[in-house]
Each structure stands twice: as structure tokens, then as C-alpha cells.
Amino acid sequence: LQDDPTLERHFKGHRDAITSLDFSSNMKQIASGSVDACVMIWNTRPQMRAYRFVGHKDAVTSVQFSPSGHLVASASRDKTVRLWVPSVKGESTVFRAHTGTVRSVSFSSDGQTLLTSSDDKSIKVWAVHRQKFLFSLNQHINWVRCARFSPDGRLIVSASDDKTVKLWDKNSRECINSFCEHGGYVHHADFHPSGTCIAAASTDNTVKVWDIRTHKLLQHYPVHSATVNSLSFHPSGNYLITASNDSTLKILDLLEGRLLYTLHGHQGPASCVSFSRTGDFFASGGADEQVMLWRTNFDSVDYSEVLQQKGAGDEKASDHRSYSQPSAQVR
């Protein structure tokens, strides 16, 4: 049924660790941010040039394409957010967003609203086209590493160095729940594509998944041997990919509740990972200054069959396949 993921391409051009990456909606471009203070736009088609966007005065911590692909937002340690037009000119507008390092940027699914989080312990919501500040969410008591909108835009999830994951109602601006099960700083959190669950990655080396309706912990994955920096849901909602300081990427089968693959691509910490919008590719970035493009391969499974055959999920985590990518397969 399934083929292993394969490494398709390396992108080299950043001069320091990669911190964040994202695919455009049409899969033709990948945006990446780096400690080198640059944003790069890579073309996934061979022999196409890459663009380097210069403007931030310090490390870029987060990048994201708008849903239409016409804008790229970036966050930086220089306390600003920039909105770039991902074209040859690379024009950008800048806004002073926070009083500390901005850790994450995230568009709502309609592209109208931008969410930022910061070391100033706040989450801020902005109107994209007017670049107007709308309101702040202030209940975290330490750096806020990540904030994301739910698929329907009504909820916000945030991850913080106060070891909590918080769920917010965007309209009432109130914190609905705090999830306190992590034993370390929480570096990343996001919504399941269905909008019913959230997953978070922590310095306690684990990934946890909660149901946001019952607020119960659904799944707990102690699969890494170091800090988990980033995670991304497959668009089908059946898989989750993670990136860790243990230098591996891991693919989790959420239906079976087990580890499916361990990928050894990066030299040193793997800092970020993201599935493409259709799920047939994913990209990863690391301290080795490389962006890697992988072909998923396993997502051609007929999910209706998988759901019918779904057992009690009693297979051991050690049943998964672990492999190093042979260099011969790298194009």
C-alpha cells in the first residue's frame, strides 16, 4: 500500500540555520526564514531561480504564505513583521508589531487577518490589507512561540514557554482553556484540519494531541530524544510530521496512534517542517542551513479502506521503519 518518503531536492542559499518554511498554495514555491535575517523564495520546479529578500535587521523566526499566495508574512527578532510580495522586486511593508522578538506569523484561512506572537508574552491580531492592529491576547506569562487560527477562523491556539497551550475564542477574545500537560516549553502548536483537535511540540521531547471539545488529552508521542521544534498535519488529518533537535523528522500515524517513519536527512537539529497544501510533498529545514523537499509517497492510500480496517491501535511504536536517505536518490 505504502511507499517510503523520498528526498527530492536540497535548496542551499541561506547562510545560517533555517527557522521556518511554508509552501505556496499552488506548490510552486517554498518560503523559508533563517537566522541570517533573510527570507528566501525557492521554486520547486527545476532550474528556476530563487529570490533572496533582505530587509529584516535580525533573525527571521517565522514565514508564511497568504492563502492566495500573493503575500508572504515574516516575523523577526528585530520586533517587526514584514509583508512581502513574492516577486522579482521583493517589495515589502513593515510594521512594528511587538516590544519583543516576534516568534510567529499566521494568516487566517480567508487571508484577511494576521496573527503574531512574541517574547513580549502577547498574541496580536491584525487586519492584513490595512495593516491595522485589532487587538491583543494577554494571558501567557512567558514568551509565546507560536499562534495559529483554527480552519474556520473562530479559534486561536497558542504555545508558550510558560509550558501551556492556550485555546482562545477570537470573537470574545477570551481564553477558553489552558492545556498544562507538557513538562517543558511549548515550541509549536496547530489545529488538526478538521478543527476538532490540536497538537503541540515541546522541549520535553514529546508531541501531544488534545480534543478541543472535551479538552482531553487524546494522544501522547514520546518518540523523540530531544526538543521537538515543529509539527505539521497532513491535509487528510491522518498523519502528523515532526522535526526535532535529535536531527530526525518523524511521521506519526494518527489513526493507529503510532510512529510510522523516522527520516534522517539533516546534519544537526531539524528546526521546521511543513506539508504542502495537497500533502503530496513536505519540506524540512535545519541548523545545517538546508531546506529539503521530500515526496510524501504514502498519501496515495485509500483512506476509506484504512478507516474500515482500523484496529485498536495496539501495534508497538517500535514497528515503524527508520532509514537514512541514500544520497543516490537525491536529485
Side-chain angles (χ1 to χ4, degrees), residues 19-33 39-45 51 53 60-75 81-87 89-95 97 102-117 123-135 146-158 168 170-171 188-199 230-237 239-241 272-283 285 291 293 296 299:
T19 56
S20 176
L21 46 80
D22 189 37
F23 283 89
S24 62
S25 51
N26 63 10
M27 236 302 289
K28 290 179 179 169
Q29 293 180 313
I30 298 171
S32 60
V39 173
M40 299 275 297
I41 304 290
W42 312 92
N43 276 289
T44 54
R45 294 160 297 179
Y51 303 122
F53 295 161
V60 176
T61 53
S62 180
V63 293
Q64 195 182 60
F65 276 98
S66 63
S68 68
H70 297 318
L71 291 172
V72 173
S74 61
V81 167
R82 281 180 182 262
L83 290 175
W84 309 83
V85 180
S87 62
K89 288 184 183 171
E91 296 163 342
S92 70
T93 54
V94 59
F95 42 108
V102 190
R103 290 282 167 189
S104 77
V105 283
S106 183
F107 286 95
S108 57
S109 56
D110 64 5
Q112 299 298 308
T113 318
L114 190 71
L115 196 55
T116 60
S117 70
I123 301 150
K124 294 191 176 184
V125 180
W126 309 78
V128 171
H129 299 295
R130 290 177 294 153
Q131 280 148 49
K132 180 174 179 287
F133 167 72
L134 299 176
F135 60 89
C146 181
R148 294 275 187 271
F149 283 109
S150 60
D152 65 8
R154 291 189 299 190
L155 300 173
I156 291 166
V157 67
S158 58
W168 310 79
K170 178 175 169 273
N171 293 329
H188 197 111
D190 205 356
F191 283 91
H192 186 273
S194 68
T196 60
C197 307
I198 52 170
S230 174
L231 55 81
S232 178
F233 281 103
H234 189 270
S236 69
Y239 303 99
L240 185 68
I241 189 166
C272 48
V273 69
S274 181
F275 274 113
S276 65
R277 301 290 203 269
T278 52
D280 44 354
F281 289 89
F282 59 93
V291 172
L293 176 65
T296 304
D299 69 335

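Everything numeric in this text was worked out from a predicted model, so none of it was measured.
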Report yes if the side chains of [X] and [Y] come closer than 4.5 Å at any heavy-atom pair, otherwise no.
X	Y	answer
Val72	Phe53	no
Val94	Arg82	yes
Ser62	Ser20	yes
Pro86	Phe65	yes

Just by modelled atom types, is the [Y] backbone N or O under 3.5 Å from a matching donor or acceptor in the [X] side chain?
X	Y	answer
Thr44	Met27	yes
Ser106	Arg148	no
Thr113	Ser108	no
Ser274	Asp22	no
Asp152	Arg154	yes
Ser276	Phe281	yes
Thr19	Gly33	yes
Arg277	Phe23	yes
Lys170	Gly153	no
Thr296	Asp280	yes

For Ala73, side chain to side chain contact (heavy atoms under 4.5 Å, CB included) partners two or more places apart: Leu83, Val105, Phe107, Leu114
Nearest 0.5 Å, please: how far is [atom2] in [Y] from [atom1] in [X]?
X	Y	atom1	atom2	answer
Asp190	Phe233	CG	CZ	6.5 Å
His188	Leu231	NE2	CG	4.5 Å
Trp126	Phe95	CH2	CZ	5.5 Å
Ile156	Ile123	CD1	CD1	7.0 Å
Leu21	Leu293	CG	CG	10.0 Å
Phe191	Ser150	CZ	OG	4.5 Å

Do you know which two heavy atoms are closest between [X] and [Y], and how far apart they sit?
X	Y	answer
Pro67	Ser25	O-OG, 3.2 Å
Gly111	Val128	O-CG2, 3.5 Å
Gly90	Trp84	O-CE3, 3.4 Å
Cys146	Ala189	SG-O, 3.4 Å

His70 NE2: over 12 foreign heavy atoms closer than 6.0 Å: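 Counting neighbours around NE2 of His70, 12 or fewer heavy atoms of other residues, nucleotides or ligands fall under 6.0 Å, so no.
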side-chain hydrogen bond (donor to acceptor under 3.5 Å, both in side chains) against Ser194, all qualifying residues, sequence neighbours excluded: His192, Thr196
Residue pair Trp168, Ser158: steps toward the side chain to side chain contact (heavy atoms under 4.5 Å, CB included) verdict: CA-CA 8 Å; Trp168 310 79; Ser158 58; 2.8 Å; yes
Verdict with supporting geometry, Ser117 and Ser104, side chain to side chain donor-acceptor pair (under 3.5 Å): CA-CA 5 Å; Ser117 70; Ser104 77; 2.8 Å; yes
